[in-house]
Amino acid sequence: TALMMEGLLSACYHVCPNYTNFQFDTSFMYMIAGLCMLKLYQKRHPDINASAYTAYASLAAVIFFSVLGVVFGKDNLVFWIVFSIIHVVATLLLSTQLYYMGRWKLDTGIFRRIIYVVYTDCIRQCSGPTYVDRMVLLVMGNIVNWSLATYGLIMRPSDFASYLLAIGICNLLLYFAFYIIMKKTPAESREHNRDCILLDFFDHHDVWHFLSSTALFGSFLILLTLDNDLDTVQRDKICVF
């Protein structure tokens, strides 16, 4: 449904493309990115996944901020400060919820509990995280989101819809990459190892990737420049075959 609506609203935007209408082209892109992340998370956590009400309410809030950004976001420092604070706080709260697998309630006492855990685990008695892989993902996610929030606050990009879409796509790609990496165990990875044939480091499959990527790049260049000689030829003089 999201894909069909994206096609419909994209068509509406391209009838009369302008800055105000661009939000129609991106609205369901936010939906697609959010639903893809929820689906990936649901595959491994079916018992603690967000309910449909929470998920669609969150997506509605994203689209609401998208509209506010398009209407009021141009060079409006107050809007960017408020949005960046909400972005960072939401990232921290979601990270806490993901790390503790839904065992922490998102209520008014969550900030007190976060401060207590930081004090007991990081200051009074420094101990490593219980779930290292999950912590690595969340640290990377926070770095990416804080960087995007800082960029938005400093640069205040004029195209807020694209900026918000970049946040969604970056988070989706980050979680998708993490999911693929965690799905492949070290034992499974070692089974695919072969003798190194290049620089005592790369095996034949690595070399195949190097060569195939170069070939793909060259193929696209050929397609791009194949008819450059016809740029100055009149259309009725071009041979059709």
Practice item. Would you kindly confirm whether Tyr53 and Phe64 end up in one hydrophobic cluster when ILVMFWY residues are joined by side chain heavy atoms under 4.5 Å apart? Key: no
Point to revise | Separation of Leu138 CG from Leu174 CG (nearest 0.5 Å) | key: 9.5 Å
Practice item. Check the pair Tyr41, Leu98 against side-chain contact (heavy atoms from CB on, under 4.5 Å), reporting the backbone distance first and the verdict last. Key: CA-CA 10 Å; Tyr41 191 75; Leu98 292 176; 3.5 Å; yes
Point to revise | Rounded distance [0.5 Å steps], CG in Asn171 versus SG in Cys36 | key: 13.0 Å
Review point. Are Trp80 and Trp146 joined in one hydrophobic group, where the rule is that I, L, V, M, F, W and Y side chains link up if heavy atoms are under 4.5 Å apart?
Key: no
Review point. At their closest point, which heavy atom of Leu40 faces which heavy atom of Tyr179, and how far apart are they?
Key: O-CE1, 3.6 Å
Point to revise | Nearest-0.5 Å distance that lies between atom CD1 in Ile143 and atom CG in Leu148 | key: 12.0 Å
Point to revise | Backbone N/O of Tyr99 and side chain of Arg134: donor-acceptor pair under 3.5 Å | key: yes
**Study point:** hydrophobic_cluster_shared for Tyr100 and Ile115, side chain cutoff 4.5 Å
**Key:** no
Practice item. Establish whether Leu153 and Val88 are linked, either directly or via other cluster members, by ILVMFWY side-chain heavy-atom contacts under 4.5 Å. Key: no
Revision key, fill the gap. So OH of Tyr163 and CZ of Phe160: to nearest 0.5 Å the spacing works out to 7.5 Å
Check your understanding: Is Met31 close to Val62 at the side-chain level, that is, under 4.5 Å between some pair of heavy atoms?
Key -> no
Point to revise | Enclosure of Met140 CE (heavy-atom neighbours >12, cutoff 6.0 Å) | key: no
Revision key, fill the gap. Distance col, row Leu172:CG vs Met29:CE, nearest 0.5 angstrom, shows 13.0 Å
Practice item. Determine the minimum heavy-atom distance between Ser84 and Ala149, stating which atoms define it. Key: OG-O, 3.5 Å
**Study point:** Distance in Å, Leu137 CG paired with Ser95 OG, rounded so as to fall on 0.5 Å steps
**Key:** 8.5 Å
Practice item. Answer with yes or no whether the side chains of Ser51 and Thr54 bring together a donor and an acceptor at under 3.5 Å. Key: yes
Point to revise | Side chain Tyr30, main chain Leu164, donor-acceptor under 3.5 Å | key: no
**Study point:** Where Ser27 and Ile63 come nearest, the two heavy atoms and their spacing
**Key:** O-CD1, 4.1 Å
Check your understanding: Hey, which of Ile86, Leu93, Leu92, Thr91 is the one that makes side-chain contact (heavy atoms from CB on, under 4.5 Å) with Val89?
Key -> Leu93
Point to revise | 4.5 Å side-chain heavy-atom contact, Val136 and Phe178 | key: no
